[in-house]
> 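Take a look at the following structure, please.
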Amino acid sequence: KNEVEQSPQNLTAQEGEFITINCSYSVGISALHWLQQHPGGGIVSLFMLSSGKKKHGRLIATINIQEKHSSLHITASHPRDSAVYICAVLQGAQKLVFGQGTRLTINP
Amino acid sequence: DARVTQTPRHKVTEMGQEVTMRCQPILGHNTVFWYRQTMMQGLELLAYFRNRAPLDDSGMPKDRFSAEMPDATLATLKIQPSEPRDSAVYFCASGLLYRDRVLASPYQPQHFGDGTRLSIL
């Protein structure tokens with residue numbers, strides 16, 4: 001069993017829909033990252049959080065440390081949000097362990 | 001905008017050849033990471049450096065891979081000899097760590113390069 005599990009693996013939705021991507025982990029962590037990888041391959045780190053909730057534009061990330069679960073939400077989704085979203089847990093100060101990613105496709 | 005620069009962007013070579021990938025971290029960042037991404041395994045941490053010293057290279061096959069930071073502006077990842085199973089995209093990332101706490105933006109604690117797409121024939 002992977003230490004970091006994401007669901008769903010693939011998600012297709014219509015423009016404007018509210019999107020939720022889930023991440024569960026089984027190891028002790030100091031923080032959790034959400035990353036975005038676009039079709040061209042570039043990776044952008046969206047959030048790092050260790051408790052509660054963070055918001056950045058239309059993106060919201062939440063984490064429940066007791067349940068070892070995090071969610072990434074996208075409000076008013078847009079085709080440009082189409083990408084692979086990767087959850088990664090931080091062990092210690094800098095070591096990241098990655099989930100397999102969720103491929104999101106937003107259709108116009 | 002400051003960015004992490006990786007070279008080359010693409011590399012195709014025959015098995016057995018030496019491959020060197022280079023990374024220029026963002027000026028002022030004191031941690032550098034090497035990651036490998038494959039379809040089967042996804043993203044994996046290979047090694048990382050703090051203030052140019054290797055902190056963890058447990059994810060790296062030691063017999064053929066080596067990672068170094070000859071100076072603060074250059075990190076290298078070498079494979080010798082290369083094998084077809086090394087084909088992957090290799091990412092470098094940099095960040096700023098102070099007293100074991102990550103600084104910089106909460107939205108982008110690590111800045112990734114565009115990757116080197118490596119194909120070993």
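Order of the sequence lines fixes the chain letters, A, B, ..., with proteins taken first and strands second; residue numbering starts at 1 for each chain.
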> Say whether B/Tyr48 and B/Phe65 are linked into one hydrophobic cluster, either directly or through other cluster members, by side-chain heavy-atom distances under 4.5 angstrom.
no
> Heavy-atom distances under 4.5 Å only: say whether B/Gln37 touches chain A with side chain, backbone, both or neither.
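It is the side chain, since no backbone atom gets that close.
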> With hydrophobic residues grouped by side-chain heavy-atom distances under 4.5 Å, do A/Tyr25 and A/Leu49 end up in a single group?
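Shared cluster, yes.
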> Sort out for me which residue in A/Leu96, A/Ile43, A/Val97 forms a side-chain contact (heavy atoms from CB on, under 4.5 Å) with B/Leu43.
A/Ile43
> If you count the non-hydrogen atoms of other residues, nucleotides and ligands that lie under 6.0 Å from CD in B/Glu14, is the total more than 12?
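Check fails, neighbour count at 12 or below.
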> Looking only at non-hydrogen atoms, find the nearest pair between B/Gln110 and A/Ser45 and report the distance.
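Scanning both residues, the minimum pair turns out to be O-CB, 3.5 Å.
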> Please report the shortest heavy-atom distance between A/Gln37 and B/Phe91, naming the atom on each side.
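Minimum heavy-atom separation between A/Gln37 and B/Phe91: NE2-CZ, 3.6 Å.
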> With a 6.0 Å cut-off (strictly less than), is the heavy-atom count around CG of B/Leu27, excluding the residue itself, greater than 12?
no
> Relative to chain B, which segment of A/Leu59 carries a heavy atom at a distance below 4.5 Å: side chain, backbone, both, or neither?
neither
> Hey, quick one: are A/Phe98 and B/Val4 part of the same hydrophobic cluster, counting side-chain heavy atoms closer than 4.5 Å, chains of contacts allowed?
no
